[in-house]
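Values reported hereafter were calculated over all heavy atoms of this structure, with side chains retained and with hydrogens, waters and symmetry mates removed.
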Amino acid sequence: MDAFSSTFLSTLSQHPKSLLSPNNNYSSNYTSSSPTLKICNVRIEERPQTTTTTTRTKPQENPTPSSQKPTPKRELPIKPTPSRKPLEPSLPSVIFNAFDDFVNTFIDPPLRSSVDPRYVLSSNFAPVDELPPTECEVVKGSLPSCLNGAYIRNGPNPQYLPRGPYHLFDGDGMLHSIRISQGKATLCSRYVKTYKYTIEREAGSPIIPNVFSGFNGLSASVARGAITAARAIVGQFNPTNGIGLANTSLALFGGKLFALGESDLPYTVKIAPDGDIITLGRHDFDGKLFMSMTAHPKIDSETNEAFAFRYGPMPPFLSYFRVEPNGTKTPDVPVFSMTRPSFLHDFAITKKYAIFSDIQIGMNPIELITGGSPVGADSGKIPRLGVIPRYAKDESEMKWFDVPGFNIIHAINAWDEDGGDTIVLVAPNILSVEHTLERMDMVHACVEKVKIDLKTGMVSRHPVSTRNLDFGVINPAYVGKKNKYVYAAIGDPMPKITGIAKLDVSVAEVDRRDCIVSCRLFGEGCFGDDGYVVSYVHNEKTGESNFLVMDAKSPNLDIVAAVKLPQRVPYGFHGLFVRESDLNKL
């Protein structure tokens, strides 16, 4: 759900990974004479309901020693995307589509701006077609010789223009990858070939309803639920194959590259030598992962373990697990002390603990009956934080701490202090939590540092900044360890990002000054560590998208290279950089 899409690459680290991830309303002015970008009203882009595909021969992979490969894991096969045109719709499809149109027109039309596709998909949120590997032109500077690999960004891109309500989170996942090798860049944009994408492409129309926007109100839920059940009964889709979008983030662990969305299992993908993006299949870790997984796993750079969880509307509402470096998933640790379903998008780890947030956003059946969304805010609920040992076998040592008014969607980092007796968590607190899903432009988040004394149960909070900041990230080498700097996106308003702020979270609690140590709006730059910051940027005035490589150690984030992209890259969610040596192992 993030609007943050740039990446930090350290020149000192042996394992450069994603640091910054800001989707940007960037004025792609990589020359000093370029005009300042201003937002203006734009119309939605209409496009044919077709997708450009290219039939390609599977490239031969570069051989790697078998000792470097993890134990092979099975992939749940998906049918390859056919290059032929969709068949004429069957009679059941015609009937069900007619019922869908009736619901979209008379029962639940998109009356609110938050689900009106003409508003949600305006400007650079509008979808684009797939793009096969296409060489790009370097229009300024040169790409650093050490920058060999691929920057990949995930985000929503609906395969078909919506006929009814549509939320920003409902789009099919599309990966935009820029492969960099020997100073040259190749851009490729491909859908994650999920089960949902594949069956709907073959059918020529949507089959599975939008989760975030399709069930607002009792009448709409009953109507769309009945149509969806009928589609399953006649064999148009099999819900056991998953209905997820894989549109949120990417993660590299266990020797695999995953496209993630928290409503389904992860999908493994790879980048071919020519830069093409290939979906390998839905991954269940040898049958050990059930239903879904968070889109924000935490990878310990020292142990190479991945820590993750899944949540849902049925007990246990939370299950915690980890994945070993060889890709083996450990058994779930069900957490029954979470007594009601909560919106658990992210969490944090330290060297000793995992920290979960039970916030005021959750399943709300009363709102559903009265015409609202099944997911909403409960102002009467007291938020709390749950702490469980990192290697817990069960929830017997789980402890919960009430933290009134503390609602977090994303966690930046956490670490242990006082020999493990104190936990420090840094995260943006959503002050206007009631607007999180419906009016993101009204959301205001302030970064806070929270300390939990595990012996006394005391919880203290210290504001780090009062500016509207979210999607904060750090150098991934410091995940679970004490860090000093945080890079966060400036929302003005959300979900568009107008700049980046650098915060020093080591400032003492007694010092009440704002912890922002530097701030740059896009077009001017931002501070960073020694390395490079890379990002897709878009100029809404010219409609041009670019890929920038910036010197992170320079005070003005000097541009090292600017690459003109052959196609517009829509605003999206999370991204990461995968180095060449890791790409060759996939």
Side-chain angles (χ1 to χ4, degrees), residues 44-51 86-122 125-127 156-173 194-245 247 261 263-264 313 363-376 437-439:
I44 185 171
E45 242 181 61
E46 296 291 341
R47 65 184 178 99
Q49 294 186 3
T50 59
T51 302
L87 298 175
E88 289 296 322
S90 63
L91 179 60
S93 292
V94 172
I95 295 173
F96 294 139
N97 289 345
F99 279 121
D100 274 334
D101 289 339
F102 180 85
V103 174
N104 294 332
T105 303
F106 298 105
I107 298 179
D108 185 31
L111 300 178
R112 304 187 313 279
S113 61
S114 61
V115 294
D116 185 345
R118 294 173 299 178
Y119 175 82
V120 179
L121 294 177
S122 64
F125 290 101
N157 195 87
Q159 181 178 186
Y160 300 104
L161 289 177
R163 300 196 300 251
Y166 174 85
H167 191 279
L168 179 62
F169 304 160
D170 284 325
D172 297 283
T194 62
Y195 174 71
K196 176 184 183 296
Y197 169 86
T198 304
I199 62 170
E200 292 185 342
R201 185 186 185 280
E202 292 177 345
S205 61
I207 293 176
I208 299 172
N210 294 328
V211 174
F212 277 93
S213 59
F215 298 92
N216 291 318
L218 185 60
S219 299
S221 299
V222 171
R224 290 198 178 97
I227 296 172
T228 303
R231 288 184 185 272
I233 290 172
V234 302
Q236 286 197 333
F237 80 102
N238 183 351
T240 63
N241 290 332
I243 60 172
L245 304 163
N247 69 359
S263 61
D264 201 353
M363 299 295 292
N364 197 333
I366 302 299
E367 284 292 319
L368 180 65
I369 295 174
T370 58
S373 171
V375 179
L437 298 178
E438 287 292 315
R439 291 293 306 275

Report the C-alpha distance between Arg201 and Asp172 in whole Å, list the side-chain angles of each, state the deciding distance to 0.1 Å, and finish with yes or no for salt bridge (charged side-chain N to carboxylate O under 4.0 Å, His left out). CA-CA 11 Å; Arg201 185 186 185 280; Asp172 297 283; over 6 Å; no

Short side-chain to backbone donor-acceptor contact, Glu200 and Ile207, under 3.5 Å: yes

Measure the shortest side-chain to side-chain distance between [X] and [Y] over non-hydrogen atoms and say whether it is less than 4.5 angstrom.
X	Y	answer
Asn210	Tyr166	yes
Thr228	Pro239	no
Asn97	Arg163	yes
Phe212	Val115	no
Thr198	Glu202	yes
Ile199	Tyr195	yes
His167	Val120	no
Leu168	Pro156	yes

I'd like to know if the side chain of Gln236 pairs up with that of Ser93 as donor and acceptor (distance under 3.5 Å, no hydrogens or angles considered). yes

Distance-only donor-acceptor check, side chains Asn104 and Arg224, under 3.5 Å: yes

Where is the tightest heavy-atom contact between Pro209 and Phe215, given as atom of each residue plus distance? CG-CZ, 3.7 Å

Looking only at heavy atoms, what is the nearest atom pair of Gly242 and Asp264, with distance? CA-OD2, 3.6 Å

From [atom1] ([X]) to [atom2] ([Y]), nearest 0.5 Å:
X	Y	atom1	atom2	answer
Phe237	Arg231	CZ	CZ	8.5 Å
Asn247	Ser263	CG	OG	7.5 Å
Phe96	Ile227	CZ	CD1	8.5 Å
Ser213	Asp170	OG	CG	4.0 Å
Leu245	Asn157	CG	CG	11.5 Å

Is it true that, when you exclude Ile243 itself, more than 12 heavy atoms of the residues, nucleotides or ligands shown sit nearer than 6.0 Å to its CD1? no

Stepwise side chain to side chain contact (heavy atoms under 4.5 Å, CB included) check, Asn216 with Arg112: CA-CA 11 Å; Asn216 291 318; Arg112 304 187 313 279; 3.1 Å; yes

